[in-house]
Structure formats: C-alpha cells, structure tokens
Number of protein chains: 4
Amino acid sequence: METQTLQEKREETLRRILEAATEIFAEDGFAGARVDKIASRARVNKATIYYHIGDKEALYARVLHDVFSGAARRISENMHQAQDPVEKLRTYVRNMAQTVGRHPHVPPIIMRELASGARNIPEVVANDLARILGMLDEILREGAAQGLFIEANPLIIHIMVVGSIISVKNINSIKTRHPDFPEFFKRMAIDDAGDLAEQVERIILTGVKKQG
Amino acid sequence: METQTLQEKREETLRRILEAATEIFAEDGFAGARVDKIASRARVNKATIYYHIGDKEALYARVLHDVFSGAARRISENMHQAQDPVEKLRTYVRNMAQTVGRHPHVPPIIMRELASGARNIPEVVANDLARILGMLDEILREGAAQGLFIEANPLIIHIMVVGSIISVKNINSIKTRHPDFPEFFKRMAIDDAGDLAEQVERIILTGVKKQG
Amino acid sequence: METQTLQEKREETLRRILEAATEIFAEDGFAGARVDKIASRARVNKATIYYHIGDKEALYARVLHDVFSGAARRISENMHQAQDPVEKLRTYVRNMAQTVGRHPHVPPIIMRELASGARNIPEVVANDLARILGMLDEILREGAAQGLFIEANPLIIHIMVVGSIISVKNINSIKTRHPDFPEFFKRMAIDDAGDLAEQVERIILTGVKKQG
Amino acid sequence: METQTLQEKREETLRRILEAATEIFAEDGFAGARVDKIASRARVNKATIYYHIGDKEALYARVLHDVFSGAARRISENMHQAQDPVEKLRTYVRNMAQTVGRHPHVPPIIMRELASGARNIPEVVANDLARILGMLDEILREGAAQGLFIEANPLIIHIMVVGSIISVKNINSIKTRHPDFPEFFKRMAIDDAGDLAEQVERIILTGVKKQG
DNA sequence: GATGAATGAGGGTTCATTCAT
DNA sequence: TATGAATGAACCCTCATTCAT
C-alpha cells in the first residue's frame, strides 16, 4: 500500500473526475451528460465533484480548458522544428491528426461546440482556440507572402483537417454500433490512422498550393 | 377568413410542429431540446405532438429524415446537368453550400450526429446519408477512373466541404454572441456566402486533382 | 360518484395544495417546510404543485396572500357595525381573536415573518398587512381625536393583541408536546378561548384609554 | 503579538462559534441556518464546530441556553431594587426592553420558538424561560393580592411587552429592506428606543391596574 | 486542537409522457 | 382533432456529518 500525502490524494481525485468528465462530455454532450454518471465513472461521490470543482457548467469549462490548452501546447511545441511554410503546414496537419488520434475525446467536444455556435464556451477556452488558429493563420500568411499558398481562411483549413479526421474516426465507430447500416459505410472506413492523415495532408497541401 | 378542410388543418399543424422541432433540435441538440419549447414555438399543446407524431425520439427521427431526404433530393436533381467529373464535383460542392445556406438547421444537426457517432440515427436516415455520400463516391470514382482525381475517401471530401462551410457560418454567429472574444475571430469571419463557397471549391478541386 | 367539470377538478386540486401548504408552512416555517411533505399531504404529485403554482417561493407567497387577504376582509366586514372608537377597538380585538382562533395557521406564519424581519414578504402581502393595520390606525386616531385614547402606535397594539393570543395558544400545544416541562407552564395555559379574548380586550382597552 | 494559553485559544474559538451561531440562528431560524455559514462567519473550519460542540441541534440548544440564561440573570439582578409591585412591573418592562435592545438576536429566536410551539426547546432552556416568566408571575400575583392589579396571565403580559418591542424594531428593518413598501409602514416606525419602551410601559401598567 | 477531503441522504425542480375529456 | 391536468422518474445541487491526518 503506497502512502499518499493529502496533496497527492487531492490531485488524484481531481484527475479522476476530470478524466471521467472529459469522456462523458465527449460521449453525451453537455446537455446529455449526467453528473451521476461522471461521478460513478470517476469512482467518487457526486458531492465530491461539487466540493472540488463546482457545478456542471464549471466542470465543463474546466474540461474544455484542459483539453484545448493541452492541444495548443502540443502543437506550438512541435511547430518550432519546421522551417518553410509548406513544412510547417505539414507539421500542423500531422500534429492535429496525432492530437485527435491520441485524445479521442477532443473532437466530439469541438464539433458539438461548433454546432451550437460555441454558446457555452468560456473566455479562457476561446483564448486557447485563438492560440491554435493563430498559429495556422501565421503559417498561411507566411506561405502566401512567399507566393507559395493561395489566400485561404485558416478556419476553413483547420476544419478541413480536424473535421475530416474526426468524421472518419467516427464512421468507424458507427460501423460497430450499426452493423445493419448500408454496406456502403463500411467501404468508407479507413482503419489505418496513418493512411488517413496522409490523405488529408495530401489534399490540403495541394489544395492551398499556388498553381504554377 | 380562409376556410380550411380538416385535412389541411391537420397538415398545417404537423408542418408547424416539424418546423419548430427542426429549429430547436438544431439549436439545442437532441438531449438539450425540450418538448415544451418545441410545442410552444409551434403554438400547439404538448400532447398534440404525441398525438400526431409520437415520442421525442420519433419526432427527432422524423425531423432528421425530412432534413436529409430533402438535401439528398436537391443534390441529385442538380447533379444531372453536369457532364464531366470535375464539373460534377463542382456542382456537388456548390449544392452543398447552397443547401447549408438555405437550410441553416441542417449543419448543426449533422455535426452533432457525427460527434455522437450517429448514436441516434435511425435506419431511414442512414439511407439518406448513404444516398448523398454515394453520389459523391460515384463522382470521385469516375474522376479517378479517368485519371483526373487522386483516390480520395468521399467522407473526407464531404466533411471538408460541409464542415468548413458550417464552421465559418458558425464563427459569424459566435462574433455576435461574444463581442468580447479575441479580435482574432473577427478577422476570420467571411460574410459573403459566395466567397466562402468559392474558397472551398477552389481548395477541394485543386486538392483532389491529379498533378500533371 | 359525483361528476366534476375540469374547472372544478382544477379548483379542488388547487385548494388541496394550498390547504396542505398553509398547514405545513405554519408548522415548519418556510425553510423547514418540505415540498414533498406538502405534496403528500395534499395527495398530489410533487410536480402538480409546480404545474399549478410554481416554485416553493411562489407557493409561499400565494399562501401568505390567501391568509392575509382573508383576514383583512373578515375584519373590514365586521368593522362597519361598530359606532364609537371604543366599540370599534373592541370589535377589532374580538375579530382578531376570532380570526386567530378559527385559522390557527395564521399566527405562526405571522410570527415567523416578524422574526425574520419580513424578509420573504412579497408586495401583495405587504399591502394586505397595511390594510389591516390601517384600519386599526384609523380607530386609534379617531379615538385620540375625540379625547378618548392616548396616542398609541397601532403596531404596538396590534402585536399586543395578536401576539398574546397566539402565544397562549402555543403554550397550550407546548403542554401536550412536553409533558415533562416545568409544571409552571401548565398553570399558564388558558384553555377557554373566550376567557383569553376577554383578558386581552380588558387590558388593551384600559391601557389605551385616557385617564380622567 | 499577544501570547495565548491553549485554554484561552480554545475559549476564544468557542466564543466565536457561539457568537456566529447566535447571529445566524436569529437571522435564519434553525431550519434555515447553515452550518457552513456559521463556520465561515466564525472563521473556523466546519469540523471544528463538531469537535467543540456537536451537531447542529446541540449547537442550537447551547445558543438558546446562553441567550436565555443571560436574559434571566439580567432581569433577576435588576428586580431587587424595586419595592412595590407597580415599581417592580415597571422594572420588568424596562429591563425587557433593554435586554431586547442590547441583544437583538434574542427576540427573533424567541418568536420562532413560540411559532413552532417550542418544538426544539430543550429542557434546560424551558427552565430558563420558566424562571423569567416566574418572576413576572410573582409580581402580578403580589399586585393582585394587594388589590392593585387585575388577575392577568403573565404570558399575556410578557408577550405584550416583548412582542410589541421586537415587532416595532423589526418594522424599522423592513423599512430599509423594502423601500417600496406602502408608505404607511414608515409612519409606524418608532426610531427612539426610549419612546418605544415608554409607550409599552404606559399601556401595560394602565392596562393591568385595577380601576378605582 | 483543528482541518481538508469526502460522502449519504435528501431537497427543489424539470421533463417526457399519459390520459380523460 | 386537440388539450389541460397530472405524474414518475430523474436530474442537479446542497447540507449535515464523519474521518484521516
């Protein structure tokens, strides 16, 4: 039996809560999520959530912030290695694919927020988003300035990258959920994450490149 | 005072219910939607919804089916005019943009469904979706067969089109909702729907084209 | 089996709810009252209360208003028969005693409101109270103008009347609740409501009378 | 920095808890009081209350006892100076007015206890009350025996004194809380505590005096 | 002596749904 | 056809209380 300081115990509890909350908000959305379910998945009493974090909205904000600031950090760290805009854009796409791959709860949350017009997004999280899109914006501007890229709205590009990756991943999960669905959907699945990232990368990089 | 047959009155009531339901499912998602709110926006008694359509799930299925079958029909109608794959793909993109523009409730509903792994999608609706994606699939295969396009997963393309258009539209609504959000978001908005469609069209068409 | 119109059924339900609520707010106070308990005593589902009336606060306001406006009406009706100020004051005291006697839930509610500085009193109810005290004020002014009464604050008089009657009544209930309480309390009880009203009447009328 | 023995520190903590509890029970009643609120006003941890005193009920009993035994002591000390029953009664009234004036938390607590039929009163406290009322009882009996007073129930007299003073004081606080309340209430306020005590004294002394 | 963490048991409120009319 | 009334089952949240430290 490992001994734990009070501080450690607290952090462990908090971690379990946030982990469970992230999963469940991703699965069910804010409105569909049940605090009871979060508590039981985190193996804590419901009241513990209120004790440590606050109400459902505060919990959601906290989850969003953790998720988005993490994504922002990961991308900015990887960006420095790339040199020219093309390479940077490639890095951006690959990192996004990786982030989405490793943190499968991020995409559904983003998509729902986009669907609802980001109605529930607190300012902290908006800043995280701005940071991510800002990096992409810079890459695109640099590329355009060097005559390499066409003028492209970074939001369009971002969504093309993230949305398509997410969606394909989701189609895979649909397959398992609805085995009776049109056979068609099965053909559409791409099981290899590498293949998926490559296809997206290829389309985006070609799509924004200025034609000779 | 217009005279209305019973049949007409019934249809009018049904129409009002479905219209209201579509709006509210789009705004709030399935879990967030309130039957009360739908009833009051449709100016009918709550029980009337149950009388005419059934429970919340049935209402949702009905809305989805109306929304998706409409979209499928519109696209397939317009597809016939185009000849070669490039022109057909262009038509597909433009029609999607138009559909999204004219039926603003469609996108949020789709996005949420994708986010949840299409958990609530009934089979009828899955077939609608398959029909839409099937058309795109055909275009892409035809183009690839003629050596015009690279091999591309239709789902990726579809999401790149629909997702980016929706998202940009949503960003616009975020602007009005959060005037205190990073100034950055404002620069990202594209107010002219035509411009938006053009950018997307340009990127996609170039992106899938086989390089000389 | 009596047939009931919908209107009648509604009124019957409402009556049962308000009756139960009045009793329970009187017994337990606002904070101590449980909506569950009110619902079960009224033999309705908890949600029915919310359907007909609204939340706990609205229910409380409604109860207070019913109770106080009833008291105000009864007093003003009886006041007309009396002629001179002395007779009017006597009527006031007797009517108060009667009201308190017949509506045993009124006193505890008033006392608690006074104890809390009328923190929860909605404006409608304040008007009821003003109406009651206004009548007493008039009597006292008239008596003073005719040289019959000393100048006396109506609130003081009112509380002397109502407070003492209530308290004695409550002492009686303490007797039953705490048979082990000092024997002293038993001597203090006045079981005959008539005797009680008479004692109070005698003290007040003498107390405010101008000495020869 | 003052040095404090452990004993002193303990007493200081206890004092702070009881002070805070008295205030909050007076403001919110037993059911409305929150242990959290008491703890934070006392600037101690919630668990400290349990450590030093026990559960909420024990805390309430302790507060009541402190409050009532204090009142009883103060009155009995002052009573010895008066000689004849009239003077003694006058002393009683004045002392009550003073007690209420200096210990504003006492009245609300008493009123609520009366309103609830003294449901929560522990025996210790009942004895305090009996002691207070016993003194008044004695005065009244003595006066009646000497042919000075009518036969009067001490509880009636006591409430007339305490209730009216409390209520007028409370009306003052209503004024500040509800500036939009009927102008009528403002006229009813008596700001000078001396005036108030005098009016009450005058009415009671005259009221119980045997007429020539 | 004192406290931060944690919780069981409710408390008020909402909501999808049913049913008699 | 349409609806007002009513409800069971949650749902979010709070609160008094305990316990390890």
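So that the names make sense, note that chain A is the first sequence line, chain B the second, and so on, each numbered from 1. Note: hydrogens, waters and symmetry copies are ignored here, and every other heavy atom, side chains too, is used. If you're wondering where the values come from, they're calculated on a predicted model, not measured in any experiment.
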Among residues 51-60 of chain A, which contact DNA chain E at a heavy-atom distance under 4.0 Å?
Tyr51(A), His52(A)

The criterion is side-chain hydrogen bond (donor to acceptor under 3.5 Å, both in side chains); which residues satisfy it with Arg15(C), sequence neighbours excluded?
Glu12(C), Glu19(C)

Between CD1 on residue Ile38(B) and NZ on residue Lys56(B), distance to nearest 0.5 Å
7.5 Å

Results of salt bridge (charged side-chain N to carboxylate O under 4.0 Å, His left out) for Lys46(A) - residues two or more places apart only
Asp36(A)

Donor-acceptor pairs under 3.5 angstrom involving side-chain atoms of residues 62-69 of chain A: please list them, not counting sequence neighbours.
unit_1, atom_1, unit_2, atom_2, d
His65(A), ND1, Asp128(A), OD2, 2.8
Ser69(A), OG, His65(A), O, 2.7
Ser69(A), OG, Asp66(A), O, 3.4

Rounding to 0.5 Å, atoms CD1 (Ile49(C)) and CZ (Arg16(C)) come to a distance of 11.0 Å

Between Tyr50(D) and Arg10(B), which residue's closest nucleotide on DNA chain F lies nearer the 5′ terminus?
Arg10(B)

Among residues 38-49 of chain C, which residues get a heavy atom nearer than 4.0 Å to DNA chain F?
Val44(C), Asn45(C), Ala47(C), Thr48(C)

List in chain and number order the residues that pass side-chain hydrogen bond (donor to acceptor under 3.5 Å, both in side chains) with Glu57(A), two or more places apart in sequence or in another chain; answer none if no residue qualifies.
none

If pairs are Watson-Crick or G-U with both distances under 3.5 Å, what is the dot-bracket string of DNA chain F, marking crossing pairs with [ ] and pairs to another strand with |?
.||||||||||||||||||||

With sequence neighbours excluded, tell me which residues meet side chain to side chain contact (heavy atoms under 4.5 Å, CB included) with Asn45(D).
Ala47(D), Thr48(D)

Starting at CD1 of Ile110(A), measure out to CE of Met111(B) and round the result to the nearest 0.5 Å.
9.5 Å

5′-ward residue of the pair Lys9(C)/Lys9(A) relative to DNA chain E:
Lys9(A)

Taking only heavy atoms on the protein side, list every residue of residues 11-36 of chain C lying under 4.0 Å from any atom of DNA chain F, sorted numerically.
Thr13(C)

Does the pair Leu18(C) and Leu59(C) meet the rule for a side chain to side chain contact (heavy atoms under 4.5 Å, CB included), with working shown?
CA-CA 8 Å; Leu18(C) 290 173; Leu59(C) 179 58; 4.1 Å; yes

With sequence neighbours left out, write down each residue that passes side-chain hydrogen bond (donor to acceptor under 3.5 Å, both in side chains) with Tyr50(B), or none if nothing qualifies.
none

Working to the nearest 0.5 angstrom, can you tell me the gap between Ile53(B) CD1 and Leu14(B) CG?
5.0 Å

Working note: Tyr60(C) + Val125(C), criterion side chain to side chain contact (heavy atoms under 4.5 Å, CB included); need CA distance, chi angles, decisive distance, verdict.
CA-CA 11 Å; Tyr60(C) 187 60; Val125(C) 178; over 6 Å; no

Can you measure Lys37(C) atom NZ to dA9(E) atom C1' for me and round it to whole angstrom units?
17 Å

Listed pairs under 3.5 Å, donor-acceptor, residues 25-35 of chain D side chains, sequence neighbours left out:
unit_1, atom_1, unit_2, atom_2, d
Glu27(D), OE1, Arg41(D), NH2, 3.4
Glu27(D), OE2, Arg41(D), NH1, 3.0
Asp28(D), OD1, Arg119(C), NH1, 3.1
Asp28(D), OD1, Arg119(C), NH2, 3.3
Asp28(D), OD2, Lys37(D), NZ, 2.8
Arg34(D), NH1, Ala31(D), O, 3.2

